[in-house]
Every structure is written in structure tokens, then in C-alpha cells.
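First the structure, in the form of C-alpha cells, and then the observations on it.
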Number of protein chains: 2
Amino acid sequence: MASNPANNNIPDIVIGRLPVYLRALNRLTQEGEEVTSSHELGRRLGISSAQIRKDLSHFGGFGKQGTGYQIAYLEEKLRQVLQVDREWKVALIGAGDLGNAIGNYRGFTDRGFHIACIFDADEEKIGATVGGLTVQPMAEIESTIRERGIQVAMIAVPAEHAQAVTETLVDAGIKAILNYAPINLDVSKRDDVHVQYIDPVLHLQRMTYYLKG
Amino acid sequence: MASNPANNNIPDIVIGRLPVYLRALNRLTQEGEEVTSSHELGRRLGISSAQIRKDLSHFGGFGKQGTGYQIAYLEEKLRQVLQVDREWKVALIGAGDLGNAIGNYRGFTDRGFHIACIFDADEEKIGATVGGLTVQPMAEIESTIRERGIQVAMIAVPAEHAQAVTETLVDAGIKAILNYAPINLDVSKRDDVHVQYIDPVLHLQRMTYYLKG
DNA sequence: ATGGGTCTGTGCTTGATTGCACAAATGGGA
DNA sequence: TCCCATTTGTGCAATCAAGCACAGACCCAT
């Protein structure tokens, strides 16, 4: 009973590894593999095989003793667990250089996400086209998000506007925010809103600690 | 003695939080503050104050009882610890959409990093200008990196070429890699090479797990 | 049909990380 | 001057995460 698949007390750190496993499985599929093992996955990812088995066992037994895991089946199951077996509409806020890059990035579509609308505060940018979408004014954020039932957003505005944008988004019903602005967002008022961060400098600074001179 | 500042057995997870603290301190400075406390920082970052105090205490006593931390002083000390009190030259590999966005991003310079050169395999892109730099051919990676003493690189090439690029970089003497390609890199042959990843989809997938329908 | 090699799922141990709680230090106001 | 409110740095306890190691299951070759 320790690994009841319906158990919803799964550590967040485990959830965080599942997308990594999924990415590695995509890769194996592209390489033409059909079966893999916790040992092979672990070697590729630099993670112990025991950890991979234990992580996966939280959601049920997806493998077969003596054989390993059917890649296609495991991918399907992980997509179900992560709820990326569907396509999520995403709102993009900010149509500057960064917003343009995100809007034109081709890597979202086949992994469960579709940029559905884009907003900017600058009147000169409104009406322009980014990744096939027309830039809308900020005033339309709430109505658009509500009408289209969007739950996921990405913030690509300057740091000083990110908190205000966050509050607009949360009020509009957004439940998951990926923040590209180099600033911490306060969503402590809402315990059902999730925030993740993209800040390349954080990662670089983390590595320079270990470098010599 | 438990918190000997010269101790180099500091957990990686602690190092990973220091850039977050530094970013929050930058922000406080911009807001005109001069002094802060572990409690205030913790509230802003959603971290317990005890953890912040303990993390900082690994490197010495930077605060004053009853008062808190002088922001400018703590920023300086954290920059020293992370070695971002200097400017690191960074090689950028890949001059496609993503490489262009990175090359034009203004957020690196004032946080310790300077893109010093950019490379691409596509002959049509060679000689073009990205962020004020001329795109060089891949064949020049090793000589350029060696001559200029570059230790940090960012990979912005398609996933299928990322591993080969990694090996070229490591052979050229690169010690820290920030990988934007959605694939895991194998650097297990070299234990002095650090890798960090930027993959927005990973963060999105991690959040959708918690969303309803 | 059977034996040997392989691999999963998991109980238990070990190790790492976080949080509590308090002594000591500080500064400002009465 | 002295007291009170505040805040740091840290020993200790509690919680959380990772890894070992093995029973049971599976496949394949003979």
C-alpha cells in the first residue's frame, strides 16, 4: 500500500524529475529504441537507477521485471501523470525581444503547450504579429483569459512590471506562471497559483562559484 | 567552528540559493533600501528566515544582531563568494533564433557575464552580426576559447548537435556550460565541468501536474 | 521444461536538509 | 543609564530524500 497510485502526497521534488524523464524518453524514441531500463536512464541522466524506479513506482508499476520499461508506454503514462497528454493554451505577456523569441520558439507545441495570445503595454507593438499572433493591449488580458479558459501564462516583461502583471493574471484566473523576468514574484495570497522561474544568470552564477580564478 | 568560512564542503543546494538572495538584494537596493533582515528576505522569497541565516552563516557573519544586514555589504560579499565580482567572458554557440535572442539580451552584463564570441555551423550565418559580435565558424571554437581564456559557454543549437558541441567545448577548456537545448548532456568523463539547463517546457510540465482539468 | 541472467518494486538504512528555539548582541527611547 | 524590542548565529531535533540490497518476476536459450 505504500505506493498507492492514487496517493496525492507525492513530493514536489519527484514531480520535478518526471519532465526530465519524459524528455529522455522522447530522445530514446527518436533514437529508435523501444525498451529501456532504470539503469540506462540513470546512466544517461546522472541519477541512480534506484531513484528512477522509486519515483516511477509512486504512480504504479510501469515496468516489467527482467525486461525494463516499454518506452512508448512509459511516455504515455508520464504524460498522463503530468497532464501533458493534452494541449494547454498559454498566454504570453510581453512582446519585446524576449517575448518575440518565446513567441517564435517552436519547441512548445509538441510538448503540450500552445501560445494562444500575446499582450504588450506599448501601443507601438499592439497589432504587430509575433509567431503568427496579433499583439493585444494589456487591457484585454482579463477578458481574453477568461473567455478562452486559459490557466497558464508566461511573463516576459521588464522586472519592474512583473509583479503588477502577475496580479492581473491571477485575478484573471491564471493558475500557473512561468516568469522570465529576473525578479521574485509574490503570489502568497493565493495558494493555488504556481510559479516557476527562468533566469539564466542564476544558473551561470551558480556555476562560477566552483570555477578557479 | 562549525561555520568555518573557509570550509569548502558547502552543500550545492545552498550555493544554488545564493544567486536568488543576490537578485533579491539588487531589487531592495533599487527600491532604495539600505538595510534588511533575514525575516524580510524570507518573506519576499517564500523561504524561512532560519534557512537564510544558516545559508549565509556558511560564509561568515555578515549581519548584525538587532539590526540585520547592510544590503550593499551583503551584496558585495555574496558577489565575492559566487565570484561574480568580476566579469566572465562567455562563448555562445548557435546563432539561430534562440542564439540571437540570447546574444541581444541585455541582462547579462550587469550581473557578471559578457558574451565574448558567437559561433554557428551554418555558412550563411557566418559573418552576420548578433548583439554587436560577428558570427564565427565552428572550426574556430577551440582556438578562440583557448586564446581568450574563456571558461563559460552557452549552447543554443538544436538538440541533436548539443552533445557534439559539448565535447568540442570541453576539449577546448570550457568548465561551465549553460545548455538551452532540450536534451541531457553527458559530461561524466570530466568531473570538473559543470552543466546547468534552461528548458522552459520542463517548468511548465512541472506545474500542469497540479492543475485541474 | 528448466536454469541462468536480468531487472523491477520496495523495506530499511543512511544521509542530507530544514526548522525550532534560544543565548548573545545591538540600538533606541525613556 | 537602563530596559525593551529586535535580530543574528547556531545546537539540536525533526523531517525529508537518496541509496542499498534483495525477493520475486520475467525472458531466453538450451
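Every chain is numbered from 1 and lettered A, B, ... according to where its sequence line falls, protein lines coming before strand lines.
Take B/Gln30 and apply the side-chain contact (heavy atoms from CB on, under 4.5 Å) test, not counting sequence neighbours, and it matches B/Arg27. In this view, B/Gln70 and B/Val35, B/Tyr73 satisfy the side-chain contact (heavy atoms from CB on, under 4.5 Å) rule, not counting sequence neighbours. Scored by the side-chain contact (heavy atoms from CB on, under 4.5 Å) test, A/Ala121 finds A/Met138 as partners (sequence neighbours excluded). Remark: A/Arg146 engages A/Glu142 in a side-chain hydrogen bond (donor to acceptor under 3.5 Å, both in side chains) (not counting sequence neighbours).
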Show me the donor-acceptor pairs within less than 3.5 Å that the side chains of residues 169-181 of chain A make with the rest of the protein, sequence neighbours left out.
from, atom 1, to, atom 2, distance (Å)
A/Asp171, OD1, A/Arg190, NH2, 2.8
A/Lys175, NZ, A/Asp192, OD2, 2.8
A/Asn179, OD1, A/Ala181, N, 2.9
A/Asn179, ND2, A/Ala181, O, 3.1
A/Asn179, ND2, A/Ile183, O, 3.0

Report all side-chain donor-acceptor pairs from residues 90-103 of chain A shorter than 3.5 Å, counting only partners two or more places apart or in another chain.
from, atom 1, to, atom 2, distance (Å)
A/Asn100, ND2, A/Ala95, O, 3.1
A/Asn100, ND2, A/Gly96, O, 3.1

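Counting only residues at least two apart or in different chains, side chain to side chain donor-acceptor pair (under 3.5 Å) contacts with residues 148-170 of chain A comprise A/Gln163-A/Glu167. Listed by first then second residue, pairs satisfying salt bridge (Lys or Arg N to Asp or Glu O under 4.0 Å) with a partner in residues 78-88 of chain A read A/Glu75-A/Arg79, not counting sequence neighbours. The salt bridge (Lys or Arg N to Asp or Glu O under 4.0 Å) pairs that include a residue from residues 16-26 of chain A are A/Arg17-A/Asp55, A/Arg23-B/Asp199, where partners are two or more places apart or lie in different chains.
Between A/Asp12 atom CG and C/dT17 atom P the separation is 16 Å, expressed in whole Å. Between A/Ile13 atom CD1 and D/dA18 atom C1' the separation is 10 Å, expressed in whole Å. One atom, CD1 of B/Ile71, and another, P of D/dT7, lie 13 Å apart when rounded to the nearest Å. When rounded to the nearest whole Å, the span between CD of B/Gln70 and P of D/dT7 equals 14 Å. For the pair A/Phe62 CZ and C/dT10 C1', the computed distance is 16 Å after rounding to whole Å. If you take CG of B/Asn9 and P of C/dG15, they are 15 Å apart, rounded to a whole angstrom.
With a 4.5 Å cut-off on side-chain heavy atoms, A/Cys117 and A/Leu133 do not count as touching.
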Distances for protein N/O vs nucleotides 26-30 of chain D N/O pairs under 3.5 angstrom?
from, atom 1, to, atom 2, distance (Å)
D/dC26, O4', A/Gln65, O, 3.0

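The shortest distance between the side-chain N/O atoms of B/Tyr69 and the OP1/OP2 oxygens of C/dT26 is not below 4.0 Å.
Looking at residues 17-55 of chain B, you'll see B/Ser37, B/Ser38, B/Arg53, B/Lys54 sit with a heavy atom under 4.0 Å from some atom of DNA chain D.
Using a 4.0 Å heavy-atom criterion, one finds that A/Leu56 contacts no nucleic acid atom at all.
Comparing the helix axis at one end of the helix from C/dA1-D/dT30 to C/dA30-D/dT1 with that at the other, each defined from 5 consecutive pairs, gives an inter-axis angle of 10° (nearest 10°).
A/Gln83 places a side-chain N or O within donor-acceptor distance of the main-chain N or O of B/Leu211, the cut-off being under 3.5 Å.
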